[in-house]
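Quick note on labels: first sequence line is chain A, next is B, and so on, each numbered from 1.
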Protein chains: 2
Amino acid sequence: MRAEQTDTKKQILDAAEALFAREGYQGTSMRAITGSAGVNVAAANYHFGSKEALLEAVFERRLKPLNEARLRRLKEIRDEARRTGRRPDIRGVLRAFIEPAFELRERGGAEFSALAGRAFTDPDGTVQRIFLRLMRPISQSMMELLALALPEVPKETVFWRYQFVIGALARTTRIYGNPRFEAMRPAPEGDIKLVTGLLIDFAETGMMGKSPEGADA
Amino acid sequence: MRAEQTDTKKQILDAAEALFAREGYQGTSMRAITGSAGVNVAAANYHFGSKEALLEAVFERRLKPLNEARLRRLKEIRDEARRTGRRPDIRGVLRAFIEPAFELRERGGAEFSALAGRAFTDPDGTVQRIFLRLMRPISQSMMELLALALPEVPKETVFWRYQFVIGALARTTRIYGNPRFEAMRPAPEGDIKLVTGLLIDFAETGMMGKSPEGADA
DNA sequence: CGTCTTTTCAAACAATTGTTTAAAACATAT
DNA sequence: ATATGTTTTAAACAATTGTTTGAAAAGACG
């Protein structure tokens with residue numbers, strides 16, 4: 001049968017996504033996944049082959065379209081910059097990187113958003129390998145465009161500022177909507193659009209460098 | 001005997017610290033720790049009681065003095081602000097938070113620095129509980145001083161900007177000196193002081209808000 | 001020396017891990 | 001209906017997990 005097959009696969013994927021996001025890759029057992037999905041343990045290995053391959057499938061399902069959206073927007077910016085002969089717009093570059101991560105939440109990917117946020121710092125070799133492979137094109141394009149947008153800033157500085165942005169984004173996707181951090185918040189959970197805007201503003205000002213009182217150090 | 005006991009304990013602590021930092025809490029087995037320390041498996045449970053308590057000891061050893069240093073500096077800033085009746089200096093507040101994390105590296109805490117950086121996003125409940133307990137006073141003091149320094153900025157905005165700084169710091173401590181990221185860097189590993197300065201600049205400009213082209217949104 | 005406490009160690013504990021097996025259940029096509 | 005291929009399942013696999021045991025070793029102290 002066909003419909004049932006994909007149904008089982010999808011249920012395993014959904015359960016794995018949620019559990020990987022909440023408990024981490026190493027903290028999630030195959031039995032926890034299949035139990036939550038309501039299927040037999042062997043079904044996961046039958047459909048995906050291994051826990052590692054299952055993680056890869058979880059990442060590919062969401063991160064591939066997400067990064068394709070990012071690359072599309074980055075390509076537009078690069079083409080426009082080449083066409084007009086002007087520098088790429090920093091804010092546009094940062095928005096191309098940040099906004100798709102939050103738009104994912106509105107498309108049923110809320111769990112995955114937290115998972116991706118944590119994948120940046122996951123110590124597990126498998127997670128790093130899979131995640132880095134999917135992120136490398138983005139990082140390359142980001143570094144290239146940011147360097148073009150900030151020609152007077154040393155490449156190493158641009159690199160680190162980009163890492164700071166990644167860190168801020170990763171933390172945001174991790175704690176937004178996480179009940180564990182509810183107590184820390186000064187106000188009830190704000191709109192996701194508001195937080196996205198705050199992050200983009202933060203990233204833009206930080207990326208452009210010290211501007212209020214003086215020139216670059 | 002006394003000297004030998006602390007020697008074994010210290011060796012276990014060091015090994016645990018390095019392995020927790022590199023492989024994560026769940027990714028590190030007691031046998032890996034004791035094997036790396038050159039002691040028997042049972043020694044760890046004898047001296048610390050459990051894996052959880054060992055993790056707690058690892059955190060306490062470094063994070064307690066680190067956070068005490070942070071609190072001391074934050075208290076100074078608060079006292080000075082009260083005495084002079086002026087707002088706390090944003091850069092001073094951020095430096096009090098960021099600099100001790102890097103000074104730790106120069107005192108044999110290089111491994112721990114990465115561990116603390118990752119603890120912010122560790123999904124394991126044990127890690128979160130231990131880490132949050134040690135960080136709470138810092139976060140409270142930081143939020144209070146940042147709010148005082150930016151009275152015109154909504155508290156929720158201050159909260160998120162502070163989270164962005166935490167994310168940037170966590171990522172930096174995680175990847176600085178990490179050979180896994182060597183290939184991504186445009187230049188050979190820069191001075192730690194340089195990176196610290198870049199992060200503080202980034203945090204300060206981001207924390208103060210959009211300044212280059214206009215007023216607050 | 002002998003006695004008492006602290007520390008170390010090999011071995012075993014039950015529980016859980018990811019994965020495999022082989023049979024059953026099901027679907028589809030001839 | 002029979003045959004063929006796909007999917008699901010209970011059960012078992014070996015390996016690893018954190019922790020405990022009980023005896024041996026080491027140290028401290030009279």
Ignoring hydrogens, what is the shortest heavy-atom contact between [X] and [Y]? Give both atom names and the distance.
X	Y	result
A/V58	A/F112	O-CE1, 3.9 Å
A/Q26	B/G27	OE1-CA, 3.3 Å
A/F181	A/R171	CE2-NH2, 3.9 Å

Just N and O in the side chain of [X]: are any of them under 4.0 Å from OP1 or OP2 of [N]?
X	N	answer
A/T8	D/dT7	no
B/H47	C/dT6	no
A/N40	D/dA10	yes

Need one value for A/A42: base, sugar-phosphate or nothing, where a base atom within 4.0 Å counts as base even if backbone is also close, heavy atoms only. base
Can you list, in residue-number order, the parts of residues 29-36 of chain A that come under 4.0 Å of DNA chain D, counting heavy atoms only? A/R31
Output yes when B/D14 and B/R61 qualify as a salt bridge under the 4.0 Å nitrogen-oxygen rule, no when they do not. yes
Do we get B/K9 above B/Y46's six-membered ring, with its NZ or CZ under 6.0 Å from the centre and within 45° of the axis? no
Cation over ring face, A/K193 and A/F102, 6.0 Å, 45°: no
[X] [atom1] to [N] [atom2]: how many Å, rounded?
X	N	atom1	atom2	value
B/Y46	D/dA25	OH	P	17 Å
A/F48	D/dT8	CZ	P	11 Å
A/N45	D/dC13	CG	P	17 Å
A/K9	D/dT6	NZ	C1'	13 Å
A/D7	C/dA27	CG	P	13 Å
A/K51	C/dT20	NZ	C1'	17 Å
B/L54	D/dT19	CG	C1'	13 Å

Take B/R118 and A/T121 through the test side-chain hydrogen bond (donor to acceptor under 3.5 Å, both in side chains) and record every step on the way to the result. CA-CA 6 Å; B/R118 215 170 33 65; A/T121 59; over 6 Å; no
Stems in DNA chain D: runs of 3 or more consecutive Watson-Crick or G-U pairs, distances under 3.5 Å? C:4-30 with D:1-27
So, does A/K51 use its side chain to make a donor-acceptor pair with the main chain of A/N45 at under 3.5 Å? no
Regarding A/Y176 and A/S113, do their side chains bring together a donor and an acceptor under 3.5 Å, going by distance alone? no
